[in-house]
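Worksheet: the structure to be examined is printed underneath.
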Amino acid sequence: MIHNDTYYFDIIRYNIKKYREEAGLTQQQLADKANITMNYLAKIESKKMQRGCTIVIVGRIADALNIDIRELFKPIEKN
């Protein structure tokens, strides 16, 4: 099955928010740790963002969350 871009962006945005909240971090705290602006992180986590972010930014966010980058690409589990 071939997925569109939105599918992949939704997975990444969902996982970033999930791991951020599990770590008890605000958007500002995670942005500071990842060396990006809070506004940019908010856009990444928002469904309103039409474009993705670079793999470098995803890597920085994973590092800031102390998780393997692959965790951010895991499909969303539906309960």
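The residues of the chain are indexed from 1 along the displayed sequence.
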| side chain to side chain contact (heavy atoms under 4.5 Å, CB included) partners for Ile12, two or more places apart | Ile16, Val58, Phe73

| said: Tyr19: which residues meet the side chain to side chain contact (heavy atoms under 4.5 Å, CB included) condition with it, sequence neighbours left out? | reply: Asn15, Glu22, Leu65, Ile67, Glu71, Leu72

| Closest non-hydrogen atom pair, Ala34 against Ala64 | N-CB, 3.8 Å

Show every donor-acceptor pair shorter than 3.5 Å between a side-chain atom in residues 23-30 and any protein atom, with sequence neighbours excluded, or say none if there are none.
{"from": "Thr26", "atom 1": "OG1", "to": "Gln28", "atom 2": "N", "distance (Å)": "3.4"}
{"from": "Thr26", "atom 1": "OG1", "to": "Gln29", "atom 2": "N", "distance (Å)": "3.0"}
{"from": "Thr26", "atom 1": "OG1", "to": "Gln29", "atom 2": "OE1", "distance (Å)": "3.4"}
{"from": "Gln27", "atom 1": "NE2", "to": "Glu45", "atom 2": "OE1", "distance (Å)": "2.8"}
{"from": "Gln28", "atom 1": "NE2", "to": "Asp32", "atom 2": "OD1", "distance (Å)": "2.8"}
{"from": "Gln29", "atom 1": "OE1", "to": "Thr26", "atom 2": "N", "distance (Å)": "2.8"}

| Are Tyr40 and Ile61 in one and the same hydrophobic cluster, where Ile, Leu, Val, Met, Phe, Trp and Tyr link if side-chain heavy atoms are under 4.5 Å apart? | yes

| request: Evaluate whether atom NZ of Lys17 has more than 12 neighbouring non-hydrogen atoms of other residues, nucleotides or ligands under 6.0 angstrom away. | output: no

| said: Count I, L, V, M, F, W, Y as connected when their side-chain heavy atoms are under 4.5 Å apart, and connections chain through other members. Are Ile55 and Leu41 then in the same cluster? | reply: yes

| field | N/O donor-acceptor pair under 3.5 Å between Arg60 side chain and Ile36 backbone | value | no

| said: The criterion is side chain to side chain contact (heavy atoms under 4.5 Å, CB included); which residues satisfy it with Tyr8, sequence neighbours excluded? | reply: His3

| field | Contacts of type salt bridge (charged side-chain N to carboxylate O under 4.0 Å, His left out), residue Asp68, not counting sequence neighbours | value | Arg70

| remark: Asp10 meets the side chain to side chain contact (heavy atoms under 4.5 Å, CB included) criterion, sequence neighbours left out, with Thr6, Arg13, Lys47

